[in-house]
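Heads up: the structure comes next, in structure tokens.
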Protein chains: 4
Amino acid sequence: MESPKQPLGRPRDSRVDDAIRGAVRELIAEVGYAGLTVDAVAARAGVGKAAIYRRHASRVELVFAGLVHDREPHPLPDTGSLHGDLTGLANVIVKSFSDPVVAAAIPGLLADLKQHPDTAERFQRTFIAMERGQVSGILQRALVRGELTVEADPVLVHATMLGTVFAWTFLLDRQPGPELVERIAALTAAGLTGGGPGRPVG
Amino acid sequence: MESPKQPLGRPRDSRVDDAIRGAVRELIAEVGYAGLTVDAVAARAGVGKAAIYRRHASRVELVFAGLVHDREPHPLPDTGSLHGDLTGLANVIVKSFSDPVVAAAIPGLLADLKQHPDTAERFQRTFIAMERGQVSGILQRALVRGELTVEADPVLVHATMLGTVFAWTFLLDRQPGPELVERIAALTAAGLTGGGPGRPVG
Amino acid sequence: MESPKQPLGRPRDSRVDDAIRGAVRELIAEVGYAGLTVDAVAARAGVGKAAIYRRHASRVELVFAGLVHDREPHPLPDTGSLHGDLTGLANVIVKSFSDPVVAAAIPGLLADLKQHPDTAERFQRTFIAMERGQVSGILQRALVRGELTVEADPVLVHATMLGTVFAWTFLLDRQPGPELVERIAALTAAGLTGGGPGRPVG
Amino acid sequence: MESPKQPLGRPRDSRVDDAIRGAVRELIAEVGYAGLTVDAVAARAGVGKAAIYRRHASRVELVFAGLVHDREPHPLPDTGSLHGDLTGLANVIVKSFSDPVVAAAIPGLLADLKQHPDTAERFQRTFIAMERGQVSGILQRALVRGELTVEADPVLVHATMLGTVFAWTFLLDRQPGPELVERIAALTAAGLTGGGPGRPVG
DNA sequence: CGGTAATCGAGACGGTACGTCTAGTCTTAAA
DNA sequence: TTTAAGACTAGACGTACCGTCTCGATTACCG
């Protein structure tokens, strides 16, 4: 009847997990994703390489796990308006891209995900699905409020919010800041509702 | 007095350039960007590695040059409306992302650009600046037409158009198609002008 | 007054000793000395690695103990002649080298002994000293009989008998057999006594 | 018609061969065969690991090649007597075992040869066959002189000479010296011819 | 009978070498 | 000076093994 039975053998040492995660974050901050080597992580963490490969099948998973750790949903409260809700979402996205460790890792991680379908799928199920759920919630509430009269595609809205921040940061090579949050929210809200006539965006 | 002097020694063989470019494109299609090795390119092209490095300073530049080749400005004609112009632009962006070779190369290329500031700057000066110029033109014409009453930031609009397609393709892992062109153009145009009230997007 | 006191705690399980020894011998026969791993021994014996290292300080000692087990002195009876005694000794040596497990282990074991002075010394005190004692006895009896008129160095005679079999087996890569026993004994006896004039050996 | 044509590409750099060989010999002298690592050889030689593996398929071949280099036949002159010829041969064997690099490498090399049939065969064809040829010559000359009246097996004599030195050095753990040369030659010559009656050996 | 202590199988731990692979540079002879 | 071919240095990769340590469970003796 005791299903969660203790597995045989010496149990994993959680301090090793922490040390690995810490080393990954430190090293990404210092040498970037491309400069990160598994040997360096092991040395920095004071850990054998076997301990790393026992936990992570590849360098991608290692970094992914280092970034994902306890990043829970962020419920995004109902602000009472579509514009407010989108501002909240944009803020969360910009915030996460502002973590220097995350920012240094994302392009390389995205590239390597092509070689690791399992991790890619986990990325989809974790981050992407979660954020899309938030977008859906926002659009649903706007529909109930009457701000929207027709259903909008949450995937497109998600792509717009996320992609704009991504492009701003990695393709156009600019620092995302609070003013970007406001402008993205305004543009998207206007695009969905029609907004005020001639409302400027730039 | 003869400035475009013929350089000394054996002139470069332009068939070598073509063979390299062809091999790069073939190999990216077959094994992806991460699986591409310079030795493989040399072997496939029937060319020595020195011939490659004489032309391209690094693997990144090699791939970059392979993708860029004869991709000229595309003047983007004035369609007479902001929505039409944005549709044209969105179409160009989606088209370029639809080339399977380009699509297979972009994430890895973007990641490696972080390690190669020179190539990154060239990427900015070439593609990014060119597309931003097109966005500026579109917004300027809309202002002249009276569709816009206030100046909009071309960088933000560019980030929205480009980023939405990028996110759709590489973050949300979906195929971009003609319907995406229309929906991006509509959302952006509405966002800029305020659009019709309650105009749906999804 | 009770010196062989029972030690505290759970006593060692002698079936574990047997299982380890058996696994070592099986695995050496199957994969050779170089291919033998402690993990494989543990797995084959159905035993934890700690149980092995509790008994043996290193891989070398593990194998050494596996080969040595109950290999008692073999008193080598007085046959009444030097030639007969040497034949008996040569026979023992060839016999021990003919055990396929021993033969598969010896070269690697000898190499690793250089890294393990303790085990090397134990090897000297056990095998080498014992065999040298037998050689000394044989030479002593021959002296008493009058077959020898001057004392011979037992170390050199030992080196000749043991080394010839070793070289035959591991350097010249031949199977040692009964005829080798006779020829070694004849050559050595003749070398010690002067033998019959022109007595052939090959 | 020019068969030894220059192969394509950059030719091997003979200084690299020398540096590798030198590093192998230095390191064996310093840390022994077991302590020798390919990385250390590469570092000491100032050479990439690829340059080593391009030349040697394994660590064994690397060491073997390091020891073998220009070790030519040593014609062993006819001294006019079996005893003199055998002394000459014993001297060559003891000399080669006296090289500290060779002595440090032999047991490990011998062990690893079991895992590398190709190198083992090369060892047989090179050293073993050459020395056996010398033994054959010595026995043949003794037969012509009348010192031997019946043919003796060169393989057994070879095993005796080589094995005695080997056992003395590696099994009995003693330094071989000039007196060993004389005693081995005397014992073997006496064994073959019958020698003087009661001629002592020790 | 309950406590103490060494044992057991299982397997995680740090460390380290292996042999492979790649990037970017250099060196040939021939063109 | 270019070409194809391929050797060069440097260094990361993922695997494997050693000898140690840690876990819960077991098995004896001691009091």
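Every chain is numbered from 1, with letters handed out A, B, ... down the list of sequences.
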Any side-chain heavy-atom pair from [X] and [Y] closer than 4.5 angstrom?
X: L67(D); Y: L109(D); answer: yes
X: R44(B); Y: E30(B); answer: yes
X: F64(D); Y: H116(D); answer: no

### Query
Which comes earlier along DNA chain F counting from the 5' end, the contact point of G46(B) or that of R12(D), where each point is its nearest nucleotide?
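Result: G46(B).
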### Task
Answer with base, sugar-phosphate or nothing: what part of the nucleic acid does R55(A) contact at a heavy-atom distance below 4.0 Å?
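Since only primed, P, OP1 and OP2 atoms lie under 4.0 Å of R55(A), the category is sugar-phosphate.
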Quick test: give all pairs of protein nitrogen or oxygen and nucleotides 18-22 of chain F nitrogen or oxygen below 3.5 Å, distance rounded to 0.1 Å.
residue : atom : partner : partner atom : Å
dC18(F) : OP2  : V38(C)  : N            : 2.9
dG19(F) : OP2  : Y53(C)  : OH           : 2.9
dG19(F) : OP2  : R59(C)  : N            : 3.2
dG19(F) : N7   : K49(C)  : NZ           : 3.0
dG19(F) : O6   : K49(C)  : NZ           : 2.9
dC21(F) : O2   : R10(A)  : NH1          : 2.7
dT22(F) : O4'  : R10(A)  : NE           : 3.2

### Approximate separation, where rounding is to 0.5 Å, of L110(A) CG and F123(A) CZ
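L110(A) CG to F123(A) CZ: 7.0 Å, rounded to 0.5 Å.
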### Query
Say you draw a straight line from OH of Y33(C) to CZ of R59(C); how long is it, rounded to the nearest 0.5 Å?
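Between atom OH of Y33(C) and atom CZ of R59(C) there are 4.0 Å.
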### Message
Heavy-atom nearest nucleotide on DNA chain E for A51(A) versus D17(C): which residue maps closer to 5'?
### Response
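Checking each residue's closest nucleotide, the 5'-ward one belongs to D17(C).
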### Message
Whether D18(C) and R21(C) form a salt bridge (side-chain N of Lys/Arg under 4.0 Å from carboxylate O of Asp/Glu) is what I want to check.
### Response
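Yes, charged N to carboxylate O under 4.0 Å.
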### Message
Between D17(D) and R55(D), does any NZ, NE, NH1 or NH2 come within less than 4.0 Å of an OD or OE carboxylate oxygen?
### Response
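Looking at D17(D) together with R55(D), the answer is yes, because their closest N to O distance falls below 4.0 Å.
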### Task
Name the first nucleotide and the last nucleotide along DNA chain E (5' to 3') that come under 4.0 Å of a heavy atom in chain B.
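So the outermost contacting nucleotides come out as dT22(E) to dA31(E).
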### Task
Take the protein atom CD1 of I52(B) and the nucleotide atom C1' of dT3(F), then report the distance between them rounded to whole Å.
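In whole Å, dT3(F) C1' lies 13 Å from I52(B) CD1.
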### Intermediate values then yes/no, side chain to side chain contact (heavy atoms under 4.5 Å, CB included), Y53(A) and V38(A)
CA-CA 9 Å; Y53(A) 281 106; V38(A) 178; 3.6 Å; yes
